[in-house]
Amino acid sequence: MDFKQIKALDHKHIAQTFSRYDLAFAKARGAEVWDTQGRRYLDLLGGVAVNGLGLDPAVQKAAIAQIKAWIHSSNLYYSEPQALLAKELVGMSFADRVFFANTGAEAIEISLKIARRWGQVKLKGATEIIALRGSFHGRTTGALAVTGQPRFHKDLGPLLPGIRFAPPNDLKATAKLMSGKTCAVLAEPVLGEGGIHVLDKAYLQGLRALCDRRKALLILDEIQTGLGRTGKLFAYQHYGITPDLMALGKSLGGGLPLSAVLATEEAASVFGPGDHGTTLGGNPVACAAGLALIKIVKSRHMAANAAKVGGRMKAAFEQAQRQGAPIKAVRGLGLMLGVELNGPARPVVDALQRRGLLANATAGTVLRLLPPLNLTQAQADRAMGIILSTLKDPALAAGLKPLPARNA
Ligand SMILES: Cc1ncc(COP(=O)(O)O)c(C=O)c1O
């Protein structure tokens, strides 16, 4: 099928809830992908942080081997791929136990259920959950209720009650929202969809202390930041704290649908048999692929590569900003970068695509980069060349107002 036929079928039969970029893919290798017309792209989006190693042959091989062995059995039976992945996740994190699911939003739902149960049994019926303004936690109704962006709530109410929104990095204001009714605080260490805003160290440490004081759960949404992306295996490791619950998703299944909530023994203990369930969650093929991915991330020091390559990219954007590129701010950690432009980001993303580079626009003006963690320095240099020359393109000048050079 050629691209025009695919697009026509999509428009005719698929619910039109995405404003898709004008592309469909035919194959991938590492951080490179080819479209249906044979054009090659350097992928700095990685399927929105899902393809943690791009298309990796070892991950592919692990998934194929599991498909050949058995594909699904349900959670009524024990599963070796699940058990091995859970052991790995527990061994590399603060956690004692793992709940498996399929999507990020579902992992948030599990976290919310545990938080409410925790409030009931440990905090005399406390039900309030504090979430952050500007956050994003997914599209199911519970995950939407804790997403701090009103545009996602439009005409969907009433949503889950008992959610209070705090301004990120304002500890005093956050503390004021907490009371004996608070059962949990939920935060992304780096707000992703909201425009790549990194939480201050003092703020996240302060949230931990506030939760400790009130015996509320600290839940971190590491669905986008987890598994090496920010330059550490988990973003909480930048902050010198540990959460009680952590939601993972995106790259956890090596490109296949898989998510999880990692929990301390105490937090996990409020759920027993029958308190949660899933038919497909923890699918063996996704678990096998995820285990292969994590082994590579650890053995080939992918978090360190993300810190090094991402750090250099960030520095290059900051230098371009000083030299007058139409950049308002550069934010992020490791290979989770947000470049806030001086105008809408979508036309820039479209122009980059025409020049063979995939990225994404978020929060209106933010160019978001979430490349595979094995991005080489040579690929990063090539990407920076394309991005910085595109930002100088006169065709985009109307939308992007250049800023005066600041000590170039
Ligand atoms: C931080 C964060 N939480 C939750 C989600 C929702 O994940 P999913 O789309 O897999 O439900 C996302 C997705 O972008 C995310 O970035």
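Every number for a ligand or one of its atoms is a count from 1 in the order of the listing.
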**OP:** Verify, without hydrogens or angle tests, whether Trp118 (side chain) and Lys215 (backbone) share a donor-acceptor contact under 3.5 angstrom.
**Re:** yes
Original post:
Out of curiosity, is His137 lining ligand 1, as in a heavy atom under 4.0 Å away?
Top reply: yes
**OP:** Check each atom of ligand 1 against the heavy atoms of Glu188 and keep those under 4.0 Å away; list them by number with element.
**Re:** 1 (C)
Subject >> Between Thr182 and Glu128: side-chain donor-acceptor atoms closer than 3.5 Å >> reply: no
**OP:** Provide, to 0.1 Å, the distance between atom 3 (N) of ligand 1 and the closest protein heavy atom, together with that atom's residue and name.
**Re:** Asp221 OD2, 2.6 Å
Original post:
Where on Lys250 is there a heavy atom closer than 4.0 Å to ligand 1, on the side chain, on the backbone, on both, or on neither?
Top reply: side chain
Original post:
Between Tyr41 and Asp35, do the side chains contain an N or O donor and an N or O acceptor separated by less than 3.5 Å?
Top reply: yes
Subject >> Protein non-hydrogen atom below 4.0 angstrom of atom 14 (O) of ligand 1 present >> reply: yes
Subject >> Parallel, tilted or perpendicular, as decided by the 30° and 60° cut-offs, for the rings of His276 and Phe271 >> reply: parallel
**OP:** Any atoms of ligand 1 less than 4.0 Å from a non-hydrogen atom of Gln224? List them with their elements.
**Re:** 16 (O)
**OP:** First locate atom OG of Ser111, then atom CG of Leu220, and finally report the distance between them rounded to the nearest 0.5 Å.
**Re:** 10.0 Å
Subject >> Closest protein heavy atom to atom 10 (O) of ligand 1, given as residue, atom name and distance to 0.1 Å >> reply: Gly104 N, 2.8 Å
**OP:** Among all protein heavy atoms, pick out the one at the shortest distance from atom 11 (O) of ligand 1; state its residue, atom name and that distance to 0.1 Å.
**Re:** Ala105 N, 2.8 Å
**OP:** Kindly state whether the ring of Phe234 and the ring of Phe94 have centres lying under 6.0 angstrom apart.
**Re:** no
Original post:
Just how far is it from atom CZ of Arg208 to atom CZ of Arg213, taken to the nearest 0.5 Å?
Top reply: 12.0 Å
Original post:
Between Glu106 and ligand 1, does any nitrogen or oxygen pair lie at a separation below 3.5 Å?
Top reply: no
